[in-house]
Structures are given as structure tokens and as C-alpha cells.
Amino acid sequence: MKDTVKNELYRVVTDSLACAIGDGKLPQGDYPEVKIEYPRDAKFGDYSTPIALESAKVVKKSPIETGDILKSYIEKYDFVGEVEVVKPGFINIYVSHEYLSGLVKDVLYSGDKYGTRVKDNPLKFNLEFVSANPTGPMNVVSARAAALGDSIGNLLQANGDIVEREFYVNDYGNQVNLLGRSVHARISELQGRDFDFPEDGYQGEYIRDIAQWVIDNHISDIEALSDEEEKIRELAVLAVNYNVGGQKSDLQDFNVEFDRWFREKGLHENGDVMKVLNKLDEAGYIYDDNGKKVFRSTDFSDDKDRVVVRDDGRPTYLLADIAYHYDKVKRGYDRLINIWGPDHHGYIARLQGAVCALTGDDRRLRILIAQQVNLVMDGEAVKMSKRLGRFSTMRDLIDEVGVDAARYFFIMRSMDSHLDFDIELAKRHSSENPVFYLQYAHARICSIFKEAEKRNFIYEKDSYDLEYFRNEECRNLLKMIMKYPEEVLDAAENFEPHKIATYLMRIAQFFHRFYTEHRILSDDTDKSNSYLCLADATRTVLKNGLTLLGVRAPESM
RNA sequence: GCGUCUGUAGCUCAGCUGGAUAGAGCGCCGGACUACGAAUCCGUAGGUCGGGGGUUCGAAUCCCUCCAGACGCGCCA
């Protein structure tokens, strides 16, 4: 079976329905779409479908009757075990023990490929995330975006698609100029000269670090310039490179690697920004308003039209961003995915509108909003104030709680939820900390294998007897192992990595329960080997899942 | 005023393309190690799913409305 059990079951039920109709046992008609669900309770089967219930109006029989008819078709398939039709009309389906047990071998042979698939026609994704301004260190919202974006990329790749991770560097415009001025002032200060700090300049201490770095490495180049504005421009370039370098290394330390760092400046220099204006103009989406060029974004359900060129001829940020996204379009991706912070949600309509205007495809660009992060310590919110130059950076956070805990905490909640990040909890190396719970399950399995080795036990991963698996704890574990590829598929299609985190908690829980109830290493060699196989398969799934989240699976802790 | 997100157990949150008796972790209380890691496991208590309407066989889930919180509403980037 190549597809997931759930998808396979969808076909089974769909085919069964078609056959029943073909055989005249059910009437022709407009049937609802078949749904395969996970029942709340294990006593309602491994999978369940409400199709008999939902097609009551078409069939004009009681759902139980319809269910019984369908049951006779469904249970013919090999991997299907018991099929039950119960009270309101649900059809509950159990997977056969033979199939379930057979999975262990699949997992062990697939290894790190288990839960991934290969597509004949993969989609090419461009995934843009973080894209923090190059004016300083990244904050914790960027960290959340980094964790989410990277894991979504991993999920899409596991799902057989092609992903390019991209970081957009806004190295153009006012803020960069202001950065240059701020550094300029700090250099004067460090050199003991008079200086005027720019009114809205960047206050952070890191500006002094940059100034010192310039003094140590590039001061002669700067002093060689006679013009003040020219110096500031050059300092801005240096400062941007310094900051981008810092961002790059912070992200690397966070286990996040980008394929491309795209510079906004290039778009202005090579004329792409103005070219895209013409393109929009030709399509009839630009009009003139007192010398300003305005994009008719209200055609795409924006509240108001947006200025793209000021009356002095300078393009706005939006126009550059449109040019950037048009560049992505030209690079030939099937899907463009952006992850933004919550402060940009008002920007979605205009940019999506522009991409739609340029491509005629209103689904090409998908923008995901990662909600805000509140750092919590001792039950109280930790204030982050960039204005005061006193803020918790991504670097601080990683240094404080470690990569594994940080990545897990950012991912364990849905990105729509406003996350309370409990720093104390994340730091705690104990059972209260969910990331350690998962890692412990993995380490525990590794430890059992070490123990087996110590006892000179020869482990054969091929050989197990499925009779040993006929108990609740084993079957629960087997079912979770079976579901893993379905969870990956679901999480990838919906861009929801937190589902993997939730899933991993459950499988870890089932493993610990299995471990408590059943002695893995015993005098019974066959039994020991069978249980080792099951533990090994569990370990594989834990490791694969943790890897998707960018969290390590340690062999000991 | 408009928009986005959120409101589910004491806390942090799953569940939301409508399905069966509303879940998890932590916390609380009570149990379980002469054996593979007790960084674990088992059990008890704890909920008008923010309020109110509606849609239907069926609603935490969909629609309307109200309340509360966070964040946005630039010719900044």
C-alpha cells in the first residue's frame, strides 16, 4: 500500500458505495462526499465514516440498513479487519492485526523515509519567512516565524514537494538611511567628537557595537570619503551587512538555513520596480491622482486604493514589494507562501491583489500570519520595548532556553494563537517540560537497545511474531505508527506544524505506557525481539517527527 | 469607527472543511520502583466550550448579534 491508510480507506468506501449502487442495492443519486474520520473513542474503531448517516436523504433507507449494505463490500479488502455498523448509522472500521503488525517492518526498512512520500509531479514552493529588517537583531516574533517557516518547509518536503526558503532583506529606504546616521553618530561619540544623534535614530546598544566594528575594520575607507552624506550611505551599507550577517548566524544556530537572501536594493537598481508599475498600468490597474500613481487595490477587496509612486516620483514600499513578488512569479514557483507577523495583516489584501492582477491567479500567493509572542516569566509578561533599546532578542532566547525547547515551544501551538512563551518552563529539565517528555521517550528506547547489547542480545529487526502484539498497549502504539504519515500529510497541506507536536506527545505517551506494562527484555527471546522491533519502529517515528520540528532526538539525556 | 486573531478545566492550549459521552499537558490530591532510565506510569477531582439568537437528524465547530482581550488601520519599511 503506497498511500496512507486513511486515503486508502477513502477509496475503499467510495468504491464500495459505487459497487453497491452498480449492483442495485442502493439507488442512484447525488451522494455526499465520503468522509473518513478518527473516532473519538477506540471502541468506535480505528477509522469511521458517517456516509450512511449523511446519505439518508438520498437512499431513503435507515442509515443502519445502508451501513449494513456497505459493510459487506468494505470488509472484503485485505487490510480491513472488523467492520461494525452502530446506532445512529456510523460505519466503524478496524484495521486488521496482520496489516497493523506488518507496518513495523515497513517502518524499520523505510527508516528516515517513513512518513515521507515521492510525488510524480511535485509542486515548487517558495517559502518566504522571517524577513526581519536589517536594522538590528531579530526579536522573538522573528524566532517564532523562523521555527514555523522552517518546519513548514520540512513538512512540504516530506510531502514530496520542492521548497526554497527565502529571506527578503529590506536594505533600501528611510530606515536604512537612519541606520547609517545612527552609526555615524555613535562613531563620532566613540571617537570623542561632538555628535547629534538623529531624532528617530536607533537607540539600541548594538549600534555602538556596529560603530566599534566599523572603527576597527573600515574606518579608513569611511574617512577617505569627503562628503558627509556619502559617508552615511557607506555606513548604512556596512551596517546592513553587519546586521544581516548576525541574522544569518543567529538563524543558523537556530537550525534554520535559507536558500536565498534577496536584497530589495537590487530591484531598485535594475529597474524592476518601475517595470512592474508599467505592467500594472498596462493591465489597467493604475491611475493618476495629483501626480501620484495609485494601484486600484479595491478591485481586490482592499479597503482603499494604494499609492505606489509618490508625486516626487519615488516608489513606495508597496511597489517594491510587488516587484519582488513578481520576480518570484517569474522564477516559476507553483505556490508562494509568506509568513508574516500580526502587524502586517492589513497589508495582505493589497499585495495579494497585486499578485492576482499580475498573474490572474488569486491563489498563487498565500500569506500566513504568525501571531504574537508574549514572553512570560514567573507568571508575568516580560515587556519588550524596542524604543527603550531594551528588548529580548532571538539570540537571548536561544542562549537562555536552548534551541530544542525554543523551537518546540514556538511550534507546539497553532500559529493563530497568541503564544505565551513561558521561559521558566522551557528552561526546566523536568517532566513539566513537554519537549523533555518527547526526548526522554526517544532516549529511553535507545537506552533499552544499549541494555540489550550489554546483555549480548542479538537484535534482528526482521523478525517478530505479531501474536505478541495482541494487547491494548501494543495495538495503540501500532495505530499511532500507522497514523504518522497521515499526520504529516495533514500538517503539510494545512501548514500546521503544531499538529506534529500534538501527535508526538500522544505517541510518546503510548510508548511510555507500553513500557510500563510490558517488559521488553526478558528470558523469552522471541518476545524480546518482537518488542524491540516495536520499540525500534516507535523510535524511528519519534526521530522523524522531531526532525520535522527541528528538535533533536537525543540517544541519552 | 473599520479590519485581523483570540475567548474551551485553576494555568497553557488541542479539538473548529458539523458527527458518537468535550480532550491533553502542567498544577492539585491519592497511589506504583529487589527487574530494560520513576526525566516514567496509574487513578480522583475539575468545564453553562465568553453571552444570546439562528441553520438541522446532530453545533465547541457554520451564520447573525452582543461582550471581552491582543494587534493593526501611512505617500514607514
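Letters A, B, ... are given to chains in the order of the sequence lines, protein chains preceding strands, and every chain is numbered from 1. Values reported hereafter were calculated over all heavy atoms of this structure, with side chains retained and with hydrogens, waters and symmetry mates removed.
In this structure, A:Phe44 counts as stacked on the base of B:A20 under the 5.5 Å centre distance and 30° plane angle limits.
Pairing of B:C5, defined by two Watson-Crick or G-U wobble distances under 3.5 Å, is identified with B:G69. Judged by Watson-Crick or G-U wobble contacts below 3.5 Å, the nucleotide B:U34 has no partner. Of all nucleotides present, none satisfies the Watson-Crick or G-U wobble test against B:C16 with each distance under 3.5 Å.
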Look for any protein N or O under 3.5 Å of an N or O in nucleotides 32-34 of chain B and output each such pair with its distance, or none.
none

Please write out the pairs of protein N or O atoms and N or O atoms of nucleotides 6-9 of chain B separated by less than 3.5 Å, giving the distance to one decimal.
none

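By the ring pair (Phe, Tyr, Trp, His ring centres under 6.0 Å) test, A:Tyr459 pairs with A:Phe449, sequence neighbours left out.
With A:Tyr503 as the aromatic partner, A:Lys483 does not meet the cation-pi criteria of under 6.0 angstrom to the ring centre and within 45 degrees of the ring axis.
The only option from A:Val307, A:Val276, A:Leu267 that meets the side-chain contact (heavy atoms from CB on, under 4.5 Å) definition with A:Leu319 turns out to be A:Val276. Considering A:Ile152, A:Asn338, A:Leu148 as possible partners of A:Leu368, the one that fulfils the side-chain contact (heavy atoms from CB on, under 4.5 Å) test is A:Ile152.
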Task: Residues A:Trp340, A:Ile348; criterion side chain to side chain contact (heavy atoms under 4.5 Å, CB included); working and verdict - done: CA-CA 9 Å; A:Trp340 285 354; A:Ile348 295 175; 3.9 Å; yes

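Between the P atom of B:C13 and the CZ atom of A:Phe421 lies a distance of 12 Å, rounded to the nearest Å. Atom C1' of nucleotide B:C26 and atom CZ of A:Phe409 are separated by 10 Å, given to the nearest angstrom.
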